[in-house]
Amino acid sequence: MLRTHTAGELRAADSGKTVTLAGWVDRRRDHGDVTFIDLRDRYGKTQIVASAAERSRAHVALKDARSEWVLQVRGTVRPRPEGTRNPKLPTGDIEVAATEVVVLNEAKTPPFYVNEETPVDENLRWKYRYVDLRRERSKDLMRLRSEVTNMIRNFFVERGFWEIETTMMIRSDPTGARDFVVPSRYYPGKFWALPQSPQQLKQILMVGGIDKYVQIARCFRDEDPRADRIYELTQLDVEMSFAEPGDVMTIIEECYTAVFERFAAKPLHQKPWPRMTYDDAMRRFGSDRPDTRFAMELVDLTEILSATGFAVFKDAIAQGGAVRALVVPGKADASRKDIDGWAAIAKARGAKGLVSFAFSGSEVKSPVAKFFSADELARVRSTSGAKDGDLVLAVAAEYRVASRSIGEVRRQLGEELRLVDGSTHHAMWIHRFPMFERELDGRWTFSHNPFAGPLDEENAKHLFSDDPGKALSSQYDLVVDGNELGGGSIRIHNRKMQERAFEVLGISKEVGAIRFGALLDALEYGAPPEGGIATGMDRTLMILAGLANARETIAFPKTQTGYDPLLDAPAALDDVLLEELGLRVIRKPPA
RNA sequence: GGUCCCGUGGUGCAGCGGCCUAGCAUACGUCCCUGUCAAGGACGAGAUCGCCGGUUCGAAUCCGGUCGGGACCGCCA
């Protein structure tokens with residue numbers, strides 16, 4: 001090695017040692033005949049000093065060095081003179097008196113500050129990610145990710161799980177997200193797809209008797225990225241044979257509790273984690289990933305307004321819908337603009353509108369007050385529990401639409417009005433999901449994945465009945481602070497049942513046999529009852545580190561349009577390669 | 001596919017019709033300085049305000065388009 005020590009480890013006890021350090025110039029403080037340099041590496045910073053009197057050659061080299069030059073410094077560790085120690089640095093009691101300085105590499109002036117926490121445009125950061133990674137914050141996140149990943153991996157390996165890498169080139173499957181695709185050379189016109197998750201493969205591993213499987217798996221989804229969504233996500237993928245829902249939940253809860261207790265800045269709010277049914281989550285919070293860090297739970301006004309003359313509500317109720325509402329404390333004075341803003345959120349989730357009732361003194365202010373009797377308005381107040389000065393917001397629609405839209409308003413208000421208690425992390429399980437949900441066009445879609453099994457015998461009967469919408473799933477979701485961190489289920493391990501689930505989803509036996517042939521076949525060769533879970537590592541890191549976006553958690557992020565500023569990718573292919581692959585580009589990129 | 005926000009020396013920001021010959025901080029360069037640690041001091045270089053077009057006597061500033069970035073909707077089992 002070109003060094004004997006790192007820049008973070010020398011202490012007063014090392015005084016007198018001759019050491020060699022190597023690293024980057026963090027800062028230079030030149031006093032003329034005495035010059036200091038903070039030499040930085042991953043481990044820390046160490047002050048290097050040289051003076052004209054002591055070692056003129058080393059001194060000249062330090063004077064000439066510039067920010068981010070790479071230096072190798074040989075010298076003697078010595079305690080700093082009384083009164084010049086730096087308590088801010090772990091190495092602040094000592095300095096290295098340089099006797100020899102070798103410039104390992106010079107560096108251009110960096111495109112942004114390495115030694116300051118100033119925000120920098122992401123395009124620049126990703127383009128010069130190798131400079132950005134030297135910054136303390138970026139470096140700490142890489143370390144955090146490494147430590148969390150390894151803790152989780154060890155946790156499962158110690159408990160008898162085998163880490164198995166599944167293939168990255170699989171068959172495209174039109175369900176779910178858009179696939180990233182890889183053309184085949186031997187089979188012109190045919191393509192592999194990169195896995196959106198190793199779901200089918202891990203189930204097949206269970207049929208293979210692997211019994212307990214774990215993988216920190218990369219998954220690819222070609223959907224527009226968001227703050228918490230990236231093209232290449234990493235998931236903790238776990239599968240266990242002969243497991244029941246509680247077994248999976250218990251082991252993940254144990255693992256995540258350990259991870260949070262070691263790495264999170266805040267304690268967990270409750271242990272063991274609360275479990276909430278999907279129905280309760282929708283009823284109380286209007287979400288299947290409720291943010292329980294603040295109260296302001298939904299109230300239901302359907303009953304008390306069942307005879308209302310207000311046509312919008314009356315019609316919705318007549319059609320079997322519900323009036324779902326929220327009491328916003330102290331916001332009777334909300335402006336029209338505020339309310340319009342919240343209405344826009346509700347509308348984006350399918351509500352037709354948002355009705356407000358402002359209670360101040362004995363007065364009720366509402367744009368639709370004239371449609372309600374005094375008695376009804378009084379009951380809106382008493383049923384909702386609105387106090388003087390409170391605002392009630394209400395939405396009428398089909399129950400789930402009404403709940404989700406007002407639930408989204410609740411989520412927004414929690415942030416906006418700073419109702420969220422940020423002192424702890426709220427980890428919880430949501431369970432007893434329906435197996436299927438209706439799309440807007442009336443077709444059934446799965447709520448978790450097409451392989452999730454029914455909760456029990458009774459729900460298996462519902463699955464095979466005329467009303468599969470009644471069937472509850474074995475699904476369980478991990479929710480932390482209102483974010484869905486993961487989900488899993490006990491899988492269907494019987495071909496007939498799997499085909500029935502496909503049937504409900506509109507996938508015929510024939511189509512199912514083509515798309516999911518391997519899995520269906522495997523179910524006929526002694527597939528054990530089994531289940532598992534997948535959790536999002538990127539989101540987990542976001543929550544642990546309190547980040548606003550997932551890009552920061554990975555080493556080489558892309559932009560919102562999937563462009564990689566570092567590698568300038570994607571890029572056009574050579575004509576020769578295209579020819580080999582049997583491809584012709586019909587839409588050329590702009591030159 | 002859509003909505004909103006942003007684009008000004010290397011970086012981060014200010015300026016939002018004429019007072020801009022574009023301001024501040026920092027970085028950068030030269031010089032001074034033997035105990036600093038966000039060192040200090042002096043001097044200096046560096047931007048036609050993303051790009052194109054329009055309005056106007058006059059545009060960084062207003063309008064339209066376009067490109068790039070971000071947040072969101074759609075989409076994401």
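No hydrogens, no waters, no symmetry mates; every other heavy atom, side chains included, goes into these values. Within every chain, numbering begins at 1; the chains are lettered A, B, ... in the order of the sequence lines, protein sequences first and strands thereafter.
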Please tell me which of the listed nucleotides, B:rG69, B:rG35, B:rG74, lies nearest to the side chain of A:Pro81? B:rG35
With sugar-phosphate meaning primed atoms plus P, OP1 and OP2, does A:Arg226 contact a base, only sugar-phosphate, or nothing at under 4.0 Å between heavy atoms? base
Look at the side chain of A:Glu95 and the base of B:rG35, then say whether one donor and one acceptor between them are separated by less than 3.5 Å. yes
Students often get this wrong, so: under 4.0 angstrom with heavy atoms, is A:Asp121 touching a base, only sugar-phosphate, or nothing? sugar-phosphate
Counting heavy atoms from C-beta on, name the nucleotide in B:rA27, B:rC33, B:rC37 closest to the side chain of A:Asp30. B:rC33
Can you find a donor-acceptor N/O pair under 3.5 angstrom joining the side chain of A:Arg27 to the base of B:rC37? no
What nucleotide among B:rU34, B:rC73, B:rG12 has an atom nearest to a side-chain atom of A:Ser51? B:rU34
What does A:Asn86 touch in the nucleic acid at a heavy-atom separation under 4.0 angstrom: a base, only the sugar-phosphate, or nothing? base
What contact category does A:Gln412 fall into here, base, sugar-phosphate, or nothing, at under 4.0 angstrom with non-hydrogen atoms? nothing
Passing candidate, side chain to side chain donor-acceptor pair (under 3.5 Å) with A:Asp38, options A:Arg28, A:Arg27, A:Arg29: A:Arg29
Select from A:Lys88 and A:Glu408 the residue whose nearest nucleotide in RNA chain B is closer to the 5' end of that strand. A:Lys88
Please work out if A:Pro111 contacts a base, only the sugar-phosphate, or nothing of the nucleic acid, heavy-atom cut-off 4.0 Å. sugar-phosphate
Indicate, with a heavy-atom threshold strictly under 4.0 Å, whether A:Pro450 touches base, sugar-phosphate, or nothing. base
Using a heavy-atom cut-off of under 4.0 Å over every strand shown, decide if A:Ala53 touches base, sugar-phosphate, or nothing. base
Remember a base hit wins even if backbone is also touched, and classify A:Leu89 as base, sugar-phosphate or nothing at under 4.0 Å, heavy atoms. nothing
Check every strand shown and say whether A:Ser67 touches a base, only sugar-phosphate, or nothing at a heavy-atom separation below 4.0 Å. sugar-phosphate
Looking at every strand, decide which applies to A:Arg78 at a 4.0 Å heavy-atom threshold: base, sugar-phosphate, or nothing. base
Could you verify whether a donor N or O on one side chain and an acceptor N or O on the other, from A:Thr445 and A:Arg443, lie under 3.5 Å apart? no
Confirm from the modelled atom types if A:Arg80 and B:rU36 form a donor-acceptor pair under 3.5 Å, side chain to base only. yes
Is the closest side-chain donor-acceptor distance between A:Asp132 and A:Ser138 under 3.5 Å? yes
Expressed in angstrom and rounded to an integer, what is the separation of A:Arg28 atom CZ from B:rA38 atom P? 16 Å
For the side chain of A:Glu223, counting heavy atoms from C-beta on, which of B:rG1, B:rG69, B:rC76 is nearest? B:rC76
By the 4.0 Å heavy-atom rule, please label A:Arg85 as base, sugar-phosphate, or nothing. base
Search all heavy atoms of A:Ala98 against all heavy atoms of A:Ala50 and return the closest pair with its distance. CB-CB, 4.4 Å
Please answer whether B:rU11 and A:Phe112 are stacked, defined here as ring centres separated by less than 5.5 Å and planes angled under 30°. no
Want to settle it: does A:Gly32 or A:Gln199 sit nearer the 5' end of RNA chain B, counting the closest nucleotide to each? A:Gly32
Side-chain N or O of A:Arg29 versus OP1/OP2 of B:rA39: is the shortest distance under 4.0 Å? yes
Selected nucleotide, minimal atom distance to A:Ala227 side chain, candidates B:rU34, B:rC72, B:rC76: B:rC72
Touch check for A:Thr559, heavy atoms < 4.0 angstrom, all strands: base, sugar-phosphate only, or nothing? sugar-phosphate
Figure out the CZ/P separation between A:Arg66 and B:rC28, and round it to whole Å. 8 Å
B:rG35 pyrimidine/purine six-ring stacking with A:His31, under 5.5 Å and 30°: no
Please tell me whether A:Thr175 and A:Asp173 have a donor and an acceptor in their side chains that are separated by less than 3.5 angstrom. yes
Using a cut-off of 4.0 Å on non-hydrogen atoms, how would the nucleic acid contact of A:Asp222 be classed: base, sugar-phosphate, or nothing? nothing
Do side-chain atoms of A:Asp140 reach the backbone of A:Arg137 as a donor and acceptor pair under 3.5 angstrom? no
Just by distance, with hydrogens left out, do A:Gln412 and A:Glu408 show a side-chain donor and acceptor under 3.5 Å apart? no
